[in-house]
Q: 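Attaching a single structure in structure tokens format; questions to follow.
Hydrogens, waters and symmetry mates are skipped; everything else that's a heavy atom, side chains included, is used. Chain naming here is simple, since letters A, B, ... match the order of the sequence lines and numbering starts at 1 in each. Predicted model only: the values in this text are computed from it and were never measured.
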Number of protein chains: 2
Amino acid sequence: MSQRPTLRDVARQSGVSEISVSRVMRNAPNISIKLRARVEAAARELGYTPNRLAGGLKSQTSGLVAVVVPSMSNNVFPEVVDGIDRILFLSSRRPVLGLTHYDSDREERIIRDLLSWSPSGIILAGLEHSDGSRRMLENANIPVIEIMDIDGTPIDTAIGISQHDAARAMADHLVDRGYRRIGYIGAWGEAPSRSLKRRLSFEERLNERDTPLVARLIAPEASSISVGRAACAQILADSARLDALFFANDDLAVGGLLHCMVSGIEVPGQLALAGFNGIDFIDAMPQQLTTIQTPRGKMGEAAAQALIDRSSHEARQSIVDLGFILRARDTT
Amino acid sequence: MSQRPTLRDVARQSGVSEISVSRVMRNAPNISIKLRARVEAAARELGYTPNRLAGGLKSQTSGLVAVVVPSMSNNVFPEVVDGIDRILFLSSRRPVLGLTHYDSDREERIIRDLLSWSPSGIILAGLEHSDGSRRMLENANIPVIEIMDIDGTPIDTAIGISQHDAARAMADHLVDRGYRRIGYIGAWGEAPSRSLKRRLSFEERLNERDTPLVARLIAPEASSISVGRAACAQILADSARLDALFFANDDLAVGGLLHCMVSGIEVPGQLALAGFNGIDFIDAMPQQLTTIQTPRGKMGEAAAQALIDRSSHEARQSIVDLGFILRARDTT
DNA sequence: TTGAAAGCGCTAACAC
DNA sequence: GTGTTAGCGCTTTCAA
């Protein structure tokens, strides 16, 4: 089996210099049609594909985009990654993945690791990072796009929604609907900083509205429908007479809804339920869950696009609020 | 802001040659403890991180692992990717992602693209690829791990389950339970070749058992709970007196279950339901769905491990059957 | 156990 | 519009 052909092979084959081949392959300007045709023919004939490692080494930018998110076994980040990929695909950039599992030491190690491939930019979830991580990102001299959350100071660009505003909107919604004995259910031990932020803003707003939170249950396990179902059963057993429950996400909330269905608790008559995220499958439930719709795919797309734009222009420190929608439906 | 330090800087700082630093960084054998200590101190002081582009260019292997899957907005591939990442993390390899959206032209383009970064190996879903894709993979001279499906001829190594056996097992299960008027519901227009394979094997087995399929509905849209719910309603309206339904996946099946709950159809008394995959959230439903449990995380882990092992050893053409479990539960 | 030389495949910078 | 030169940062020989 022959070696993979190089620029040099194409140059020989087509009788031009290597740099000319390089220019054709990169669609550089000022190339005669004739030369382009000749080179392209030779490249096709040899089955040439550029070596991006070599190109990246020389040009200091690899076309790889580091993507650092907590996890894939979760309904939100896969959609974000889908969005990122959709945009990167258009410019032959590719995402390199790193999963932190909500562990900031691991995040730091992953960032260091990913930077060693000289990525053209990095997209990461959240605004909270270890000092070491921040330092690396600031010194990396590439676009740094922080996604999901915009309540804070981005290293470079933040794209997402205000978790703070979203939580307050839900608090207002529940109080406006007349609920007075409101509880909250979370999971993961609140490792995802965004869910913690949401709960605090939610409680804060409830206080402002003179309707303080009545009960709170943060499950230690990873968030899931089953966990939501069990947590809902438990919080109702512990603290009687709740009239509404806000869940850290839709998975938990669907669990709550199932608990109510099975236990004959009337929703929202006896108990109102609200989730967060607006994942697809809640639409299929017998009752339409009230939730906050977040633009996950769009966050990915916008992040990738910002990264690409940033590579040429030179803006800094921008914050892009993609907004959320409170979908008030059957369960409140 | 200073430039990123290079091997040369570390070499100067510690008063040794570049190659010695290189050896220390890579944990090469035959390094004196003293030299190692000196180099490591200098590297730490300078905040040195290797440039993997340069290393990869020279050594012809980048430490990147190409991962080519259909989609992330789906319950199965994110778990596979999670598994891959878990293993790759241990050896500082990183996955570079490409999403095909079940389009083999796009897959070919993505494979070409990813190969241009000289990945250390490639993991891709399924055994069906375009001729161009196969040729590239055969010539790439790196480990090629095909996952999910093992019914066919792998390019190099296949790791997954027999879709054929799984479908037959479900057919047997339904017939053994006494169901005689069995229907099938799919989605995506059966673009995922695996679901097509499953249906064919399912029908084949039903014929062998003298219980041919009574009705079949393949929705054109992407698979989801809502689609399953609608499809279930429709197939029951079209073809009266079905007593069991096998769905291409759990999402669809849960949709079916919801339809039955809402329409007052007794499960499994009036209609039995079975899914495929064994995704987490079916455990939270009021009735436990009968399904085929597939080892998705394990497939990812095994694929990554095989890729790493293959990089040193030299086996070829192996097939690893990870097996499935038929979980017969409440709905059949 | 350590080092010197050469070069992986490409592109930036500068000619012409 | 095209070519020459140099070198990105590392690792693979090969030698000591």
Q: Reading DNA chain D in the 5' to 3' direction, which nucleotide is the first one with an atom under 4.0 Å from a heavy atom of chain A, and which is the last?
A: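 Extent of the interface on DNA chain D: dG1(D) to dG9(D).
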Q: Could you state the NZ-C1' distance from Lys58(A) to dG7(C), rounded to the nearest angstrom?
A: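 Interatomic distance, NZ of Lys58(A) to C1' of dG7(C): 14 Å.
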Q: For dT11(C), does OP1 or OP2 lie under 4.0 Å from any side-chain N or O of Ser22(A)?
A: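 For dT11(C), OP1/OP2 do have a side-chain N/O of Ser22(A) under 4.0 Å.
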Q: Find the distance Arg52(A):CZ to dC8(C):C1' and express it as a whole number of Å.
A: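 Spelled out: CZ on Arg52(A) to C1' on dC8(C) is 18 Å.
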Q: Using distance alone, with no hydrogens and no angle criterion, decide if Ser193(A) and Glu128(A) have a side-chain donor and acceptor under 3.5 Å apart.
A: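 Glu128(A) and Ser193(A) do have a side-chain donor-acceptor pair below 3.5 Å.
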Q: Among dG9(C), dG3(C), dC10(C), find the nucleotide with the atom closest to the side chain of Leu57(B).
A: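 Minimum distance to the Leu57(B) side chain belongs to dG9(C).
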Q: Can you check whether Ile145(A)'s main-chain N or O pairs, donor with acceptor, with Thr157(A)'s side chain at less than 3.5 Å?
A: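 It does not hold such a pair.
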Q: Judged by each residue's nearest nucleotide on DNA chain C, which is more toward the 5′ side, Val16(B) or Ala54(B)?
A: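 Nearest-nucleotide comparison on DNA chain C picks Val16(B).
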Q: May I have the distance from Arg12(A) (atom CZ) to dG9(C) (atom C1'), rounded to whole angstrom?
A: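 In whole Å, dG9(C) C1' and Arg12(A) CZ are 13 Å from each other.
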Q: Will you find, in the side chains of Ser22(B) and Arg26(B), an N or O donor that is under 3.5 Å from an N or O acceptor?
A: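 Yes, Arg26(B) and Ser22(B) have a side-chain donor paired with an acceptor closer than 3.5 Å.
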Q: Figure out the CZ/P separation between Arg8(A) and dC8(C), and round it to whole Å.
A: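 My rounded result for the distance is 7 Å.
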Q: Please report the distance, rounded to the nearest Å, between CG in Leu53(B) and P in dT11(C).
A: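 The distance from CG of Leu53(B) to P of dT11(C) comes to 12 Å, rounded to the nearest Å.
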Q: For Ile31(B) and dT2(C), what is the distance between atoms CD1 and C1' respectively, to the nearest whole Å?
A: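 After rounding, the gap between these two atoms is 8 Å.
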Q: Tell me: CZ of Arg23(B) to P of dT2(C), nearest whole Å?
A: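 Answer to the nearest Å: 8 Å.
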Q: Using ring pair (Phe, Tyr, Trp, His ring centres under 6.0 Å) as the criterion, list what pairs up with Tyr48(B), not counting sequence neighbours.
A: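 If we apply the ring pair (Phe, Tyr, Trp, His ring centres under 6.0 Å) test to Tyr48(B), skipping adjacent residues, there are no hits.
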Q: Output the rounded distance in Å from CZ (Arg26(A)) to P (dG9(C)).
A: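 For the pair Arg26(A) CZ and dG9(C) P, the rounded distance is 17 Å.
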Q: Under 4.5 Å between any side-chain heavy atoms of Thr6(A) and Asp9(A), yes or no?
A: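 Yes, their side chains come closer than 4.5 Å.
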Q: So, do Ser133(A) and Ile111(A) sit near enough that their side-chain heavy atoms are less than 4.5 Å apart?
A: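 A side-chain contact exists here, since the closest heavy-atom pair is under 4.5 Å.
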Q: Let me know which of Leu137(B), Ile147(B), Thr100(B), Val69(B) forms a side-chain contact (heavy atoms from CB on, under 4.5 Å) with Leu124(B).
A: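 The single option meeting the side-chain contact (heavy atoms from CB on, under 4.5 Å) with Leu124(B) is Leu137(B).
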Q: Think Thr6(A) has a side-chain N or O under 4.0 angstrom from the OP1 or OP2 of dG9(C)?
A: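 Answer is no, no contact under 4.0 Å.
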Q: Using a cut-off of 4.0 Å on non-hydrogen atoms, how would the nucleic acid contact of Asn30(B) be classed: base, sugar-phosphate, or nothing?
A: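 It contacts base atoms.
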